[in-house]
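Notes follow the structure.
Whatever order the structure lists ligands and atoms in, that order sets their numbers, starting from 1. Along the sequence shown, residues carry numbers from 1.
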Amino acid sequence: MSHPSVEKIKLESRRLRGTLAEGLADATTGSLNFEDQRTIKFHGSYQQDDRDLRDERRRQKLEPAHQFMIRIRAPGGVFTPKQWLGMDAIATTYANHSLRVTTRQTFQIHGVIKRDLKETMQAINAATLDTISACGDVNRNVLSASNPQRSQLHAQVHDWAQRLSAHFKPATRAYYEVWLDEEKVTESGVEHEPLYGDAYLPRKFKIAIAVPPDNDVDVFANDLALIAIVDAAGELAGFNVGIGGSMGASHGIKEHYPRVANIIGFVTPEQVFAIAEAAITVQRDLGDREDRKHARFKYTIDDHGSDRITALMQERTGFTLQPARPYHFDHNGDRFGWVEGEDGLWHLTLSLPSGRIADTEGRPLLTGLREITRIHTGEFRLTCNQNVIIAGVPATQRAQIDALVAQYALDRENNAPSALARAAVACVALPTCALAMAEAERYLPTFLRVVQPLLDKHGLRDAPIVLRISGCPNGCSRPYLAEIALVGKAPGRYTLMLGGDHRGTRLNTLYRDNISEAQIVEALDPLLGRYAGEREVGEHFGDFLHRAGIVALPPYPTHVRVDPAEGR
Ligand code: SRM
Ligand code: SF4
């Protein structure tokens, strides 16, 4: 039986309600029907199954171990201690006893069964959080810089992330009706969607705001990139605007490629909503609705040309973009350890293993962070590198927090003896991700153990090399921006990508295809050796690989803009 297209499902979903209410009530299966599995994404959830159990269940003629992943909408990634405790309780009551910090600075929980889904959503709401548009063909979680050192600016930028996220939420009341039992009104199922229209967007749409010199949000991986520009007085003057970033690719299909956003100009704060809306509606109207693999804004831009898309966006806003302003990014990682903010409060960035907060032997992260929550008076900021910042700590409380960090082994420092290990990012992949071709999160600790002797041998323990692993070419860990990336191809086999930079402005290149762990080590050993011996002062690994002629820019379109003068 052939399934209806996602476009048809959206159009016929009665504004994202589908038959979710009926499906949730059906106790004969742990699954939703095909259409509702698509519709539920707009509500921030994915139906999955435990892939570790798949074969065994098939042998036993049982239906797959259906379960749901839930993703929180948390623009800017800030959580209060109360919200954290709420999420902790939800994870331990309904999910698999872990919280997962994602590469878009929010929480996911995994393993919720259908029977508990509605109660879980209600608990999330009771914790003053929601999951609206965390997934689906709409504007997703809006990212903002986590840099705690510039607290004034951070607060402003965080506020922008909140406002953009709220502004671009769909108008439908489906979420409230399905999960929170909101009473139906006459408009129910036919609400006017002024921004999205009847079929929502052709594909997901992502916005991020970076605050130079930190590119911790990897702003160029977003459909709409906003780079905060401050004036001479240190006030927010506006944003440089970039369009068309996205990582998703396919092995061996050159028509599916990662792309770095290209900068098209500058807007004042008053113009931000208009330019964002123009980008979203141009993509809504021109994006490909036939082929979902070709439906992201990057392809619309490359098909029509960046100049034409920019002209259309300007036409819709009624103003002309100003020329992009100068800015400079230093790096796209997190700054670990304590830093003091402008307001005299302190912020501690802890390195988490692929963002997974669980109690494991010798490292009770979930319990330890819960204990911190009980005394913490500030907030938590999740970073796009899957780490957590305990933010807004008075100087007098630092020792208490440090003691808990030590007691519960909360920092990866002890377990991660190299700078590379501390900053490494890996996507979820197996066992929950339906698209995983190889392990990522679960493979990272093994790979770090294998690569550590190489770093030691070449004296590179402190070299801040950016390593990212993805279980498939969709690129959820943003591997194509890493200096070293492993992209899953088959169980135990990866493509080795090399030569991104440490600022998130340059895509890397395929170096070796479909290789095993031993072959990865064999490939990296001489390169790390040469880097150790031949690098210039302060030169990063990816830059060295380019200077030494070991890698070249990739063959697919790259739109790297290190300097706005190179812009349009
Ligand atoms: Fe992703 C699909 C996990 C960030 C590109 N991503 C998925 C799904 C939902 C698999 C699926 O469709 O069945 C994964 C769920 C795994 C699981 O079990 O939890 C998944 N993506 C993740 C997370 C959790 C990875 C992580 O380890 O942190 C990240 C959640 C972000 C969030 O909180 O919203 C995550 N995904 C990203 C990013 C990074 C970013 O946005 O900065 C990308 C690359 C940027 C981009 O969008 O191009 C990304 N995910 C994809 C794609 C490829 C999209 C494309 O247009 O080609 C897919 C596949 C798809 O959508 O068809 C995908
Ligand atoms: Fe799954 Fe692939 Fe994304 Fe990893 S990169 S979470 S394997 S879709």
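- Using the six-membered ring where Trp is involved, Tyr494 and Tyr443 have ring planes that are parallel, under 30° apart on the 30 and 60° scheme.
- Listed by number with element, the atoms of ligand 1 under 4.0 angstrom from any heavy atom of Gln386 are 26 (C), 27 (O), 28 (O).
- Proximity to Gly475 (heavy-atom distance under 4.0 Å) selects the following atoms of ligand 1: 43 (C), 44 (C).
- Near Gly471, meaning under 4.0 Å from one of its heavy atoms, ligand 2 places the atoms 4 (Fe), 7 (S).
- Relative ring orientation between Phe297 and Phe205 is described as tilted, the plane-to-plane angle lying within the 30° to 60° band.
- Between the side chains of Ser246 and Lys298, a donor-acceptor pair is found at a separation under 3.5 Å.
- Less than 4.0 angstrom separates some heavy atom of His110 from each of these atoms of ligand 1: 17 (C), 18 (O), 19 (O).
- The shortest N/O to N/O separation between Asn474 and ligand 1 does not fall below 3.5 Å.
- Across Ile207, Thr505, Asn240, Ile227, a single residue satisfies side chain to side chain contact (heavy atoms under 4.5 Å, CB included) together with Val219, and that is Ile227.
- For ligand 2, the atoms closer than 4.0 angstrom to any heavy atom of Ala436 are 7 (S).
- Under a 4.0 Å criterion applied to the non-hydrogen atoms of Gln108, ligand 1 contributes the atoms 17 (C), 19 (O), 24 (C), 30 (C).
- Of all protein heavy atoms, the one closest to atom 4 (Fe) of ligand 2 is Cys427 SG, 2.3 Å.
- Within the 4.0 Å heavy-atom criterion, the part of Arg100 lying near ligand 1 is the side chain and not the backbone.
- The closest approach between a heavy atom of Ala440 and any atom of ligand 2 is not below 4.0 Å.
- Shortest contact from atom 1 (Fe) of ligand 2 to any protein heavy atom: Cys433 SG, 2.3 Å.
- The shortest N/O to N/O separation between Met247 and ligand 1 falls below 3.5 Å.
- With 2.8 Å as the limit, Cys427 does not count as an N, O or S neighbour of atom 1 (Fe) of ligand 1.
- Close contacts of ligand 1 with Lys206, meaning ligand atoms under 4.0 Å from a residue heavy atom, involve 36 (N), 37 (C), 38 (C), 40 (C), 41 (O), 43 (C), 45 (C), 46 (C), 47 (O), 49 (C).
- Asn387 and Thr349 share no side-chain donor-acceptor pair at under 3.5 Å.
- Geometrically, Arg478 does not engage Tyr480 in a cation-pi contact, judged by NZ or CZ lying under 6.0 Å from the ring centre and within 45° of the ring axis.
- Residue Asn141 has no N or O atom closer than 3.5 Å to an N or O atom of ligand 1.
- Among all non-hydrogen protein atoms, the one lying nearest atom 5 (S) of ligand 2 is Cys476 N, 3.4 Å.
- If you number the atoms of ligand 2 from 1 as listed, the ones under 4.0 Å from a heavy atom of Gly475 come out as 5 (S).
- Side chain to side chain, Thr102 and Gln386 fail the donor-acceptor criterion of an N or O pair below 3.5 Å.
- Using cut-offs of 30° and 60° for the angle between ring planes, the His158 and His154 rings count as parallel.
- On a distance-only criterion, Met69 and ligand 1 share no N/O pair closer than 3.5 Å.
- Not a single heavy atom of Arg140 sits less than 4.0 Å from an atom of ligand 1.
- Shortest contact from atom 2 (Fe) of ligand 2 to any protein heavy atom: Cys472 SG, 2.3 Å.
- Proximity to Asn474 (heavy-atom distance under 4.0 Å) selects the following atoms of ligand 2: 8 (S).
- Using cut-offs of 30° and 60° for the angle between ring planes, the His294 and Tyr299 rings count as parallel.
- Between the side chains of Gln283 and Thr300, at least one donor N or O lies within less than 3.5 Å of an accepting N or O.
- The Arg203 neighbourhood of ligand 1 comprises atoms 60 (C), 61 (O), 62 (O), with distances under 4.0 Å to a heavy atom of that residue.
- Under the 3.5 Å distance criterion, with hydrogens and angles disregarded, a donor-acceptor pair is assigned to the side chains of Thr19 and Asp36.
- Remark: the His540 side chain and the Asp501 side chain contain no N/O donor-acceptor pair separated by less than 3.5 Å.
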